[in-house]
Amino acid sequence: MEYKPGEIENKCKAFWEKEGIYKVNIDPNKPKYYVLDMFPYPSGSGLHVGHPLGYIASDIYARYKRLKGFNVLHPMGYDAFGLPAEQYAIQTGVHPAKSTAENIKRYREQLDNIGFSFDWSREVQTCDPAYYKWTQWIFMQLYNHYYDTAADKALPIDELVKHLEKHGNANLNAVADEETPAITAEAWNNMSEGDQQLFLLNYRLTFPEESYVNWCPQLGTVLSNDEVKDGVSERGGYPVERKLMQQWSMRITAYADRLLYGLENVDWPESLKEQQRNWIGRSQGASVKFALEEAPDTKIEVFTTRVDTIYGVTFMVLAPEHELVAQLTKPEQQEEIEKYIKWTASRSEVERMAEVKKVTGAFTGSYCLNPVNGEKVPIYIADYVLAGYGTGAVMAVPSGDQRDWNFAKHFGLPIVPILDAQQNLDEAADATKEGKYINSELINGLAYEEAVPKLISWLEAQGAGRGKIQYRLRNAVFSRQRYWGEPVPAYWKDGVPYLIDESELPLVLPQVDKYLPTETGEPPLGRANDWKYKGQYDYELSTMPGWAGSSWYWYRYMDPGNDQAFVSKEAVDYWQDVDLYIGGSEHAVGHLLYSRFWNHFLYDLGLVPKKEYAKKLINQGMIQGVIEFIYLDKNSTGQKRFVSADLTGQYPDAEWAQIPVHVDFVSDYGKDDSYLDEAGIQQFLEWRQEFKGAAFEANAEGKMVTYSEVGKMSKSKFNVINPDDVVAQYGADCFRMYEMFLGPIEQAKPWDTQGIDGVYKFLRRFYDLFSDKDGHFAVSDEAPDKAELKVLHQAIQKVEQDIERFSFNTCVSAFMIATNELRKLKCNKRDILEPLVVLMAPFAPFTTEDLWSKLDHEGSVHRDGKYPAFNPEYLKEDEVEYPIAINGKTRATASFPSDASKEDLEAAARELEDIQKWIEGKTIRKVIVVPKRMINIVVG
RNA sequence: GCCGACGUGGCGGAAUUGGUAGACGCGCUGGAUUCAAAAUCCAGUUCUGGCAACAGAGUGCGGGUUCGAUUCCCGCCGUCGGUACCA
């Protein structure tokens with residue numbers, strides 16, 4: 001009975017399709033379990049072997065839970081809007097919908113090859129109008145709500161309007177823009193309808209505002225930060241400028257605290273939670289206003305986490321970009337300040353980061369007044385203060401902050417101690433909170449805990465400050481000047497934005513002649529003909545960003561066809577939330593923060609049952625590729641000369657260029673001594689025509705040895721391994737098990753086919769357990785013996801435990817061990833093999849399905865199989881083998897009855913010949929006996 | 001700089017609560033089978049010494065706690081990921 005994975009796979013795929021094995025429906029009689037993979041973007045290059053790693057793990061877990069009697073939701077779909085399709089459209093004119101559909105088709109084929117148990121009837125695509133209708137709908141809800149700080153949740157904007165009508169915005173408990181002016185009820189009621197709408201934008205959870213973007217005039221488009229390198233566009237190297245543009249924004253800052261504290265209630269990797277905490281960056285402190293000496297009505301506002309050190313302030317530092325700098329600069333300082341600002345602007349981010357030690361700055365010539373004692377404080381500018389954080393101004397306390405201390409030393413500014421516990425201020429700042437305050441009038445003699453509230457209430461009474469919580473998190477820009485995204489369901493009337501009517505959803509993406517911005521710099525949607533709301537008002541022309549559609553998609557899977565709601569109450573009540581979420585750590589602060597934000601909002605509206613939507617999250621590690629290079633002699637003019645990597649040492653004076661080689665041409669790919677043979681060289685020349693006629697200096701064996709390096713698996717490195725090829729050669733089950741066998745799921749590792757033969761060999765041997773000497777399928781109905789039952793139950797115990805802790809690599813080992821042992825025992829008994837088939841079904845769905853039917857079952861092991869129950873009775877041993885150690889070092893092993901008493905064990909151990917020689921002539925100080933574990937004799 | 005993770009044979013990795021370090025697989029060595037090769041099967045394989053029994057060393061480095069440490073604690077070194085000169 002030969003193991004032919006290809007045949008088995010074709011048979012199973014057809015059978016599963018016909019029977020709808022993986023279709024799932026609400027079933028109140030079964031407990032639910034939701035296993036979710038992070039949404040893939042269907043890229044043009046298809047899947048490589050790194051992508052399915054997480055999918056295989058989640059599939060194993062989903063199948064395992066199904067066999068354990070859970071009703072498992074395990075869906076898949078596509079985050080189908082995105083830049084690559086748009087860029088392809090710009091180059092080729094092919095509509096992104098068309099290329100995306102083709103890419104999705106390819107992805108689907110690749111996924112099907114690996115044997116996943118997705119319920120494809122629930123597939124969603126974010127670019128489908130039936131899907132993005134609801135993305136737009138959620139956007140509208142955000143627009144129609146504000147964040148109420150008293151209720152600590154989102155409330156309808158109508159409630160806020162009622163308050164404005166009666167009281168203006170006095171005593172309004174709402175998160176608002178920092179610059180929102182105070183207005184009375186009268187002022188509100190006298191506003192025009194348009195002005196009222198504009199005023200409400202200060203409160204809405206999504207709103208348009210002017211914000212800075214990286215504008216590239218030559219490309220006519222906005223670039224993301226990582227598309228800009230050293231002030232020019234990465235593509236083409238065109239200049240990029242900061243430009244103010246009207247952009248939609250999401251008031252995620254309203255949810256900062258909830259996003260922070262919510263992390264405590266989810267089982268996510270600690271490093272990921274820490275990244276989110278840092279990103280939110282909550283710091284508690286105080287805002288303090290320092291009046292200008294010469295213009296007391298003008299205040300410099302600073303944020304500090306150490307308001308208790310305010311008597312130690314000896315200077316003030318503003319960011320060079322601070323708006324008051326021009327006003328503060330005295331004529332005699334003009335030249336120096338201008339020079340400094342110019343110098344700062346010329347420095348790249350990287351340069352500013354690299355030079356942490358060097359102190360730079362310039363004095364403006366002006367002073368402000370310390371509110372607590374009226375002292376004159378000189379005002380400097382320096383680039384260690386960032387314009388984008390807090391207020392762009394810092395009150396400098398050199399005795400308590402090292403950076404301030406460095407600055408004070410450099411510019412000869414005083415360093416005033418403020419706590420009696422501060423030490424060695426001549427050498428460094430001391431940020432201690434210990435001791436009692438000195439030189440600090442109001443708080444002298446107090447401790448930190450008493451000083452802070454006293455100062456804050458004093459400052460509040462003076463109108464000079466208040467307690468404040470500062471976040472690093474900023475509102476998220478939600479507009480993209482792109483074509484291939486969800487249209488924003490809004491239009492503009494006299495400069496005021498309005499939503500379209502809910503009944504008009506979806507607002508469908510219009511056709512355009514080109515996918516480029518218009519000549520006047522408007523987004524591509526500006527090219528759509530007659531695209532106006534009610535034929536007269538301009539629609540919003542920007543589209544939503546990539547993360548819009550992925551911020552709620554897990555609900556759509558629960559109820560994908562619903563056209564009355566984004567998800568029905570019935571579905572969400574049953575499926576609740578995601579039990580297991582697997583995906584890459586690159587989404588740590590993007591997708592995983594935005595989606596939590598939307599989920600909290602939907603929770604506030606009572607539309608979803610859980611504040612946090614994913615209970616447990618696992619990051620799968622990246623699978624890296626090996627990049628192969630050959631050495632080109634840089635100085636070979638005329639005829640180009642390539643030299644085998646093992647020969648380059650013979651030319652000490654030569655200079656080498658590393659030319660990447662497509663890994664398909666390389667023999668023994670992935671091994672240290674991978675090489676190009678004659679055929680490989682021909683393929684290389686075919687591929688890189690410019691090297692036609694080059695000389696190839698091979699080694700003695702006629703091989704061009706390549707230089708190998710571990711790096712990202714990507715199209716541009718020519719090292720993408722297509723899972724289809726591996727599946728064709730070894731079968732899908734082997735591919736699945738090998739990916740798991742590589743190591744722990746969270747760990748990054750290079751793709752390396754060296755070990756795959758071992759897994760293939762194992763699968764063949766496993767399959768072979770079911771056949772007789774002549775190669776015919778044969779299992780016996782004989783009752784199993786003790787040894788066989790022990791092997792089976794050891795495997796059951798180990799595999800079950802390891803799946804539960806997501807240790808899939810050790811599960812594969814356990815299957816190998818069981819197979820090896822049963823081979824030795826020549827066991828082909830049904831009572832052993834059949835439970836083993838079920839146990840292995842989540843890992844090797846095809847092979848086990850085939851064996852299941854050969855074992856005379858009608859249906860599918862994945863639907864009808866019952867997970868074998870572990871029975872510890874079978875593992876019981878009459879004897880236990882003990883290591884016997886002298887002073888902790890094992891010197892002998894011996895078997896003793898498993899029910900032997902401590903005393904008997906000690907006595908028996910002492911009698912052993914191998915032990916006698918170690919204790920002879922020595923005093924036994926102590927004997928430690930841990931039953932069923934070990935015996936240790938301490939001698940001295 | 002800060003935050004997080006990690007460091008075990010030639011290689012991928014195992015050791016779940018502090019209890020025989022190196023499971024399982026690759027590779028390598030020897031043998032069987034074969035006209036031969038591939039494939040398959042059997043045995044061995046941390047290092048050092050020894051024919052062997054065995055002895056010594058050994059989980060990045062240095063210390064500590066313990067009868068006993070890959071595991072716990074302190075201090076270094078290195079690698080990877082994240083990042084923000086964050087007041």
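Worth knowing before you read on, the calculation uses all heavy atoms, side chains too, and leaves out hydrogens, waters and symmetry mates. Proteins get letters first, then strands, A, B, ... in listed order; numbering begins at 1 in each.
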Same-atom distance ([atom1]) from [N] to [M], integer angstrom:
{"N": "A36(B)", "M": "C26(B)", "atom1": "P", "answer": "26 Å"}
{"N": "U46(B)", "M": "C42(B)", "atom1": "C1'", "answer": "23 Å"}
{"N": "G25(B)", "M": "C74(B)", "atom1": "P", "answer": "39 Å"}
{"N": "C2(B)", "M": "C76(B)", "atom1": "P", "answer": "11 Å"}
{"N": "G12(B)", "M": "G27(B)", "atom1": "P", "answer": "15 Å"}

Centre-to-centre under 6.0 Å for Y61(A) and F808(A), is that the case here?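 No, too far apart.
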Is it the case that the ring center of Y738(A) lies less than 6.0 angstrom away from the ring center of W751(A)?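 Judged by ring-centre distance (under 6.0 Å), W751(A) and Y738(A) do meet the cut-off.
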Do L592(A) and W268(A) have side chains that get closer than 4.5 Å, going by heavy atoms?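 Yes; the side chains approach each other to less than 4.5 Å.
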From the options [options], select the nucleotide whose nearest atom is closest to the side chain of [X].
{"X": "L386(A)", "options": "C3(B), C85(B), U20(B)", "answer": "C85(B)"}
{"X": "N820(A)", "options": "C67(B), G25(B), U20(B)", "answer": "G25(B)"}
{"X": "N809(A)", "options": "G13(B), G56(B), G25(B)", "answer": "G13(B)"}
{"X": "S813(A)", "options": "C3(B), C24(B), A87(B)", "answer": "C24(B)"}
{"X": "R765(A)", "options": "U16(B), U20(B), C42(B)", "answer": "C42(B)"}

Using a cut-off of 4.0 Å on non-hydrogen atoms, how would the nucleic acid contact of K798(A) be classed: base, sugar-phosphate, or nothing?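 Since a base atom lies under 4.0 Å of K798(A), the category is base.
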Could you check whether R933(A) gets within reach of a base, just the sugar-phosphate, or nothing at all, counting any heavy atom under 4.0 Å?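 The answer is sugar-phosphate, as R933(A) gets under 4.0 Å only of primed atoms, P, OP1 or OP2.
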Going by purine N1 to pyrimidine N3 plus the second Watson-Crick contact, or the G-U wobble pair, all under 3.5 Å, which nucleotide sits opposite G81(B)?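 Pairing partner, where one exists within any strand: C3(B).
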Assess whether salt bridge (charged side-chain N to carboxylate O under 4.0 Å, His left out) is satisfied between E906(A) and K902(A), documenting all intermediate values. CA-CA 6 Å; E906(A) 180 180 336; K902(A) 274 190 170 195; over 6 Å; no
